[in-house]
Amino acid sequence: MDLYKLTAHELHDKLVKKEISSVELTENVYSRIDEVEDKVQAYVTLDKENALAQAAKVDAKIAAGEEIAPLAGIPGAIKDNICTKGLLTTCSSKMLANVVPIYDAHVISKLRADDAIFTGKTNMDEFAMGSTTESSYFHKTYNPWNLERVPGGSSGGSAAAIAAGEAIWSLGSDTGRVSRYGCVAFASSLDQIGPITRDVTDAATVLNCICGKDEHDSTSLPVDVPDFTKALRADVKGLRIGLPKEYYGEGVDAKVKAEIEKAVKKYEELGAEIVDVSLPH
């Protein structure tokens with residue numbers, strides 16, 4: 001069974017029901033990495049030995065009847081500008097090619113507390129300064145859907161790993177409500193850490209784990225963290241979706257525009273209201 005194709009919440013259910021083991025899942029993901037990584041090049045560093053050791057610990061907890069967290073035993077990939085104690089964090093730069101942090105980023109500490117598994121560190125534009133994942137010192141990352149195209153960036157490695165089935169969930173960096181502590185930012189206060197997943201439920205699940213006030217980051221909000229999965233809707237009836245007219249002008253790829261128009265039509269069929277808006281800036 002191709003377990004690497006499933007979402008984190010589907011795999012969590014299978015782990016709890018003892019239909020699969022975490023070791024089995026982790027080995028399946030690494031088999032997929034062996035199969036496609038030479039073409040996609042999503043990773044800078046892999047950490048298979050530690051990942052399998054962590055998987056075995058999660059399996060032991062399940063066997064003992066212990067309750068496990070939603071991401072426990074599920075392999076995820078970490079962008080290489082997020083500090084991981086004992087594991088290379090290079091920012092895809094020659095200058096940091098041998099740097100092994102002595103501390104974990106806040107998000108990594110929270111993920112470790114929930115027994116998540118880290119497959120390795122993903123490629124990126126050097127110091128996150130780019131939007132194609134072509135400026136890495138180590139290698140370019142390729143778009144799994146079309147190897148002649150780029151995956152975007154600067155979190156292209158994390159995105160490509162998900163698209164190629166080389167991880168179940170991943171972390172990239174952008175802007176958001178997650179602690180920046182342990183994220184090597186290209187400009188102070190501009191970078192935040194966020195999830196990259198296959199569906200909205202997985203995104204909410206990862207965010208549940210990594211979100212929250214951090215004493216090391218004075219800009220993180222001292223507010224309660226809601227259960228983001230509870231915000232997921234059963235349908236979209238009554239939802240108003242704005243389409244910025246400025247985003248459909250010159251330079252928009254015809255295929256991208258066609259796919260968006262198909263999505264708009266589907267939302268209308270499901271009961272959403274589509275409105276034209278203007279975002280001139």
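Hydrogens, waters and symmetry mates are skipped; everything else that's a heavy atom, side chains included, is used. Along the sequence shown, residues carry numbers from 1.
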Checklist entry - Can you tell me if Ser170 uses its side chain to pair, donor with acceptor, with the backbone of Ala77 under 3.5 Å? => result no

Checklist entry - When you measure from the side chain of Asp47 to the backbone N and O of Leu87, does any donor-acceptor pair fall under 3.5 Å? => result no

Checklist outcome for this item: Rounded to the nearest 0.5 Å, the SG atom of Cys91 sits from the NZ atom of Lys79 at a distance of 9.0 Å

Checklist entry - When you check the gap from the basic side-chain N to the acidic O, do Glu268 and Lys265 get nearer than 4.0 Å? => result no

Checklist entry - When Glu166 is tested against each of Val36, Thr119, Thr122 for side-chain contact (heavy atoms from CB on, under 4.5 Å), which residue passes? => result Val36

Using a 3.5 Å cut-off and no angle test, enumerate the donor-acceptor pairs between side-chain atoms of residues 238-256 and protein atoms at least two apart in sequence or in another chain.
residue: Glu246; atom: OE1; partner: Leu279; partner atom: N; Å: 2.8
residue: Glu246; atom: OE2; partner: Ser278; partner atom: OG; Å: 2.5
residue: Asp253; atom: OD1; partner: Lys255; partner atom: N; Å: 2.8
residue: Asp253; atom: OD1; partner: Val256; partner atom: N; Å: 3.4

Next on the checklist: Is it true that Glu126 and Ser135 share a donor-acceptor pair across their side chains at a distance under 3.5 Å?
Outcome noted: no

Next on the checklist: Tell me whether the count of non-hydrogen atoms from other residues, nucleotides or ligands lying under 6.0 Å of CD in Glu269 goes above 12.
Outcome noted: yes

Checklist entry - Does any N or O in the side chain of Asp227 come within less than 3.5 Å of the main-chain N or O of Thr229, such that one atom is a donor and the other an acceptor? => result yes

Next on the checklist: Once ring pair (Phe, Tyr, Trp, His ring centres under 6.0 Å) is applied, what residue pairs with a partner in residues 90-141 remain, sequence neighbours excluded?
Outcome noted: Tyr103-Tyr181

Checklist entry - With no hydrogens and no angle check, is any side-chain donor or acceptor of Tyr43 less than 3.5 Å from a backbone partner on Ala161? => result no

Checklist entry - Would a 4.5 Å heavy-atom cut-off, applied to side chains only, mark Ile74 and Leu15 as touching? => result yes

Checklist entry - Do Ser220 and Ser179 get their side chains close enough for a donor-acceptor pair, meaning under 3.5 Å? => result no

Checklist entry - Are Asp80 and Thr90 close enough that a side-chain donor and a side-chain acceptor fall under 3.5 Å? => result yes

Checklist entry - Can you name the salt bridge (charged side-chain N to carboxylate O under 4.0 Å, His left out) partners of Glu24, sequence neighbours left out? => result none

